[in-house]
Amino acid sequence: MNYQFNFNFLNGNLDALWDGLKVTLELSLMANMLGLTMGFVLCMMAMSSLALIRWPIKVFIEFFRCTPILLQIVWFYYCVPMMFNLFIDPIYMGFLALGLNLAAFNAEAYRAGVQAVPHEHHDAGIALGLNKAQQTLYVVLPQALRSALPVLMTNGIAILQQTALVAIVAISDLMYVGKNIATETYRPLETYSLIALIYFALSLPISQLVAWIERRQDAAAAR
C-alpha cells in the first residue's frame, strides 16, 4: 500500500466539522429526550386495558420498529411537507423521525421494566392511597426506569450513530459535512476515518457506563 496519509486538509475544515458535530449532538440530544419521555407514555398506553387505546399504539410501535429508519427519515423529509403543506427546517424532520423511532424501541424497553415491578409494590401504592396516576409516577416509573436503564442507554448510543443517516436528506450533520470534505479534498480515507473515530469517542464512554450499570445490577440481584 503506497497511500500517503495527509491530514493537512483539516486546517481549513475544522470549523465545518465542528459545526457538523454540533448538529449531530443536537439531533441526538433532542431525539433522546423525545424517545425517553414519549417511550414511557407509549408503553403505558400499549398496556392499557382499553383495546381502543392499546391496539393503535401497538401498531404505531411495530410500524417504527419494523421499517428501516432510513426510510422513515426520507418519508418525513419528503412526504410530511407534501401531505400537510408544512415546510419547516429539515433538521426538525430528522429529529422527528429519529425521536419517534427511538420512542418505539424505548417503549418496549419500558414495558419489560414495568412488567418486572412486583405486584406487591402496586398493592403497597394502593394501601398508601395513591391513585392510578400517582402509582405510575411514584411506584412504577422509578423501578421500570432502573430496570430499563441499560437498554435505554444502548438505544441512545444507537440513535447517536443513526443520526449519520440524515446526511441523505442534506442535513448538515457530521457525516454530511465529512462527505463534502472528502469529495472536495479527495481525501476520503482520512476524512471518514476521522469521523469514525469521533463517533467512537462519543459512544465508547456511554457503552462503558452501560456495562458498569449492568454489573452493578447483576451484583445487586445476586445478593
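Owing to the predicted nature of the structure, the values given are computational and were not obtained by experimental measurement.
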Do you know which two heavy atoms are closest between [X] and [Y], and how far apart they sit?
X      : Y      : result
Pro56  : Ala51  : CD-O, 3.7 Å
Asn6   : Glu190 : N-OE2, 2.9 Å
Leu27  : Gly94  : CD2-C, 4.1 Å
Thr67  : Gln72  : OG1-NE2, 2.8 Å
Ile159 : Ser28  : CG2-OG, 4.3 Å
Ala182 : Pro188 : CB-CA, 3.8 Å

Side chains of [X] and [Y], heavy atoms from C-beta outward: is any pair under 4.5 Å?
X      : Y      : answer
Leu202 : Leu21  : yes
Ile171 : Ile73  : no
Phe76  : Val169 : no
Tyr77  : Ile168 : no
Arg187 : Phe5   : no
Thr163 : Leu174 : no
Ile157 : Met153 : no

Calculate, to the nearest 0.5 Å, the distance between atoms [atom1] and [atom2] belonging to [X] and [Y] respectively.
X      : Y      : atom1 : atom2 : answer
Ile69  : Phe105 : CD1   : CZ    : 8.0 Å
Leu194 : Leu189 : CG    : CG    : 11.0 Å
Asn155 : Asn101 : CG    : CG    : 9.0 Å
Cys79  : Met93  : SG    : CE    : 10.0 Å
Thr24  : Leu29  : OG1   : CG    : 12.5 Å
Leu14  : Asp19  : CG    : CG    : 11.0 Å

Quick one: do [X] and [Y] end up in the same hydrophobic cluster if we chain Ile, Leu, Val, Met, Phe, Trp and Tyr together by side-chain heavy atoms under 4.5 Å apart?
X      : Y      : answer
Val80  : Met82  : no
Val74  : Phe87  : no
Leu149 : Ile206 : yes
Leu197 : Tyr192 : no
Val41  : Phe60  : yes

Please check if the number of heavy atoms outside Phe7 that lie under 6.0 Å from its CZ is greater than 12.
yes

Would one find more than 12 heavy atoms of other residues, nucleotides or ligands at under 6.0 Å from atom CG of Asp15?
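Count not over threshold, so no.
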
Are any side-chain N or O atoms of [X] and backbone N or O atoms of [Y], one a donor and one an acceptor, separated by less than 3.5 Å?
X      : Y      : answer
Asn11  : Asn8   : yes
Gln143 : Val139 : yes
Thr154 : Pro150 : yes
Arg54  : Ser48  : yes
Gln134 : Asn131 : yes
Thr37  : Leu34  : yes

Apply the test side-chain contact (heavy atoms from CB on, under 4.5 Å) to residues Leu36 and Asn106: give CA-CA distance (whole Å), side-chain angles for both, the deciding distance (0.1 Å), then the verdict.
CA-CA 7 Å; Leu36 287 170; Asn106 282 351; 4.0 Å; yes

For side-chain contact (heavy atoms from CB on, under 4.5 Å), just list the numbers for Val177 and Ile195, CA-CA rounded to whole Å, side-chain angles, deciding distance to a tenth of an Å, and then say yes or no.
CA-CA 10 Å; Val177 171; Ile195 291 173; over 6 Å; no

Start with the C-alpha gap between Met175 and Leu165, add the side-chain angles, then the distance that decides, and say whether side-chain contact (heavy atoms from CB on, under 4.5 Å) holds.
CA-CA 8 Å; Met175 185 66 186; Leu165 296 174; over 6 Å; no

Which pairs count as ring-ring contact (aromatic ring centres under 6.0 Å, His included) when at least one residue sits in residues 11-56, sequence neighbours excluded?
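Residue pairs with at least one partner in residues 11-56: Phe40-Tyr110.
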
Which is it for Val23 and Val166 under the side-chain contact (heavy atoms from CB on, under 4.5 Å) test, yes or no, and what are the steps along the way?
CA-CA 10 Å; Val23 172; Val166 302; over 6 Å; no

